[in-house]
Structures are given as C-alpha cells and as structure tokens.
Amino acid sequence: MTSYVCLVEVHLHFGDSHDLKGKRKLLHSLKAGLRQRFGAAVAETEGLDTWQRSTLLCALVGDAEVSARADTLCRWVESRVPDECRFDRDLLTLEDIRA
C-alpha cells in the first residue's frame, strides 16, 4: 500500500471581519472543524497580523483516498467562508518526501 500526504494551502479573505478578534474567532472555529471533521493537521502560516486575510496549511495523510478527502475539505471550507477562498494542493507519496 502506498502512503500519501496531501498538503492543502487555503488562502482566505474575511470580508465581514472588522478586527483581529473577529477574524480569530472565525479561524478558531474553522481550524477546529478541519481537525475534527477531516483529521487534518492545521497551521496558520500567513496573515497572522492582518484582520481580513489568512493562509492555512492543512495536511492529510492516508492511502489513495486522501485526494478525495482533500476535495471534500475544500468544498467544506468554501461553504464556511463565503467571501473568498483559494486553494493550492500538493499530493506527495512517502517516497517523494524521502527523496
């Protein structure tokens, strides 16, 4: 069985957020949902000090089905962040990572 790692970079824009506190509340809920619903490891990588933009990096690990889980993850995020979100994805095998 081949093991895969799918990295999903999620670029978010929170148009309704008017301060960092409001953005943090939305992000906290979003990150918790990603962890609980998809078993993703999640980190905020950019936009920590801006109040309308943020970038999250999500990692999913598994077999060949991991790509389908990533598709579902992207649709779920789009349903939660209606303003704007964009995704960049990389699917790597364990051999790719070791090389």
Side-chain angles (χ1 to χ4, degrees):
M1 181 172 112
T2 304
S3 297
Y4 293 91
V5 175
C6 186
L7 299 174
V8 181
E9 193 172 34
V10 184
H11 304 274
L12 302 166
H13 179 256
F14 300 100
D16 292 337
S17 179
H18 300 290
D19 58 13
L20 274 173
K21 187 175 181 179
K23 181 187 102 169
R24 290 271 167 244
K25 182 178 178 183
L26 292 169
L27 273 178
H28 180 74
S29 173
L30 187 64
K31 290 191 301 185
L34 289 167
R35 288 180 182 117
Q36 292 171 357
R37 191 174 192 83
F38 300 98
V42 183
E44 185 176 4
T45 58
E46 294 178 16
L48 288 105
D49 294 329
T50 60
W51 51 275
Q52 284 191 318
R53 295 208 177 270
S54 183
T55 301
L56 300 178
L57 183 61
C58 304
L60 299 170
V61 179
D63 57 11
E65 298 291 322
V66 76
S67 185
R69 284 177 44 219
D71 291 338
T72 306
L73 180 147
C74 292
R75 286 192 300 273
W76 186 82
V77 170
E78 286 175 328
S79 73
R80 301 296 187 277
V81 184
D83 294 328
E84 178 187 332
C85 51
R86 182 174 54 85
F87 305 94
D88 296 316
R89 283 177 30 175
D90 289 308
L91 183 63
L92 306 166
T93 64
L94 189 56
E95 291 78 26
D96 292 336
I97 295 169
R98 288 181 177 157

task = Under the side chain to side chain contact (heavy atoms under 4.5 Å, CB included) rule, what do Val10 and Arg86 come out as? Steps first, then yes or no, please.
result = CA-CA 6 Å; Val10 184; Arg86 182 174 54 85; over 6 Å; no
Considering non-hydrogen atoms only, spot the tightest contact between [X] and [Y] and give its length.
X     : Y     : value
Val42 : Leu34 : CG2-CB, 3.8 Å
Ser54 : Lys23 : CB-NZ, 4.1 Å
Cys6  : Arg89 : SG-NE, 4.3 Å
Asp19 : Trp51 : C-CB, 3.5 Å

When rounded to the nearest 0.5 angstrom, what distance separates [atom1] in [X] from [atom2] in [Y]?
X     : Y     : atom1 : atom2 : value
His13 : Thr50 : NE2   : OG1   : 9.0 Å
Glu9  : Asp88 : CD    : CG    : 5.5 Å
Tyr4  : Asp96 : OH    : CG    : 9.0 Å
Glu84 : Phe14 : CD    : CZ    : 11.0 Å
His11 : Phe87 : NE2   : CZ    : 9.5 Å
Leu20 : Leu27 : CG    : CG    : 10.0 Å

query = Would you call Arg24 and Glu44 a salt bridge, taking side-chain N to carboxylate O under 4.0 Å as the test?
reply = yes
Following the transitive rule for hydrophobic clusters with a side-chain heavy-atom cut-off under 4.5 Å over Ile, Leu, Val, Met, Phe, Trp and Tyr, establish whether [X] and [Y] coincide in one cluster.
X     : Y     : answer
Leu91 : Ile97 : no
Leu57 : Leu92 : yes
Leu26 : Val81 : yes

ask   = With distance as the sole test, does Ser29 use its side chain to make a donor-acceptor pair with the main-chain N or O of Lys25 at under 3.5 Å?
value = no
Could you tell me whether the side chain of [Y] reaches within less than 4.5 Å of the side chain of [X], counting heavy atoms only?
X     : Y     : answer
Val5  : Thr93 : no
Leu60 : Phe38 : yes
Val77 : Leu12 : yes

request  = For Arg69 and Asp71, run salt bridge (Lys or Arg N to Asp or Glu O under 4.0 Å): C-alpha distance rounded to whole Å, both residues' side-chain angles, the deciding distance at 0.1 Å, then the answer.
outcome  = CA-CA 5 Å; Arg69 284 177 44 219; Asp71 291 338; over 6 Å; no
task = Evaluate the criterion side chain to side chain contact (heavy atoms under 4.5 Å, CB included) for residue pair Ser3 and Val61; output intermediate values, then yes/no.
result = CA-CA 7 Å; Ser3 297; Val61 179; 5.8 Å; no
ask   = Does the side chain to side chain contact (heavy atoms under 4.5 Å, CB included) test come out yes or no for Leu56 and Leu30, once each step is laid out?
value = CA-CA 10 Å; Leu56 300 178; Leu30 187 64; 4.0 Å; yes
task = Let me see the working for Thr2 and Leu94 under side chain to side chain contact (heavy atoms under 4.5 Å, CB included), right down to the final yes or no.
result = CA-CA 8 Å; Thr2 304; Leu94 189 56; over 6 Å; no
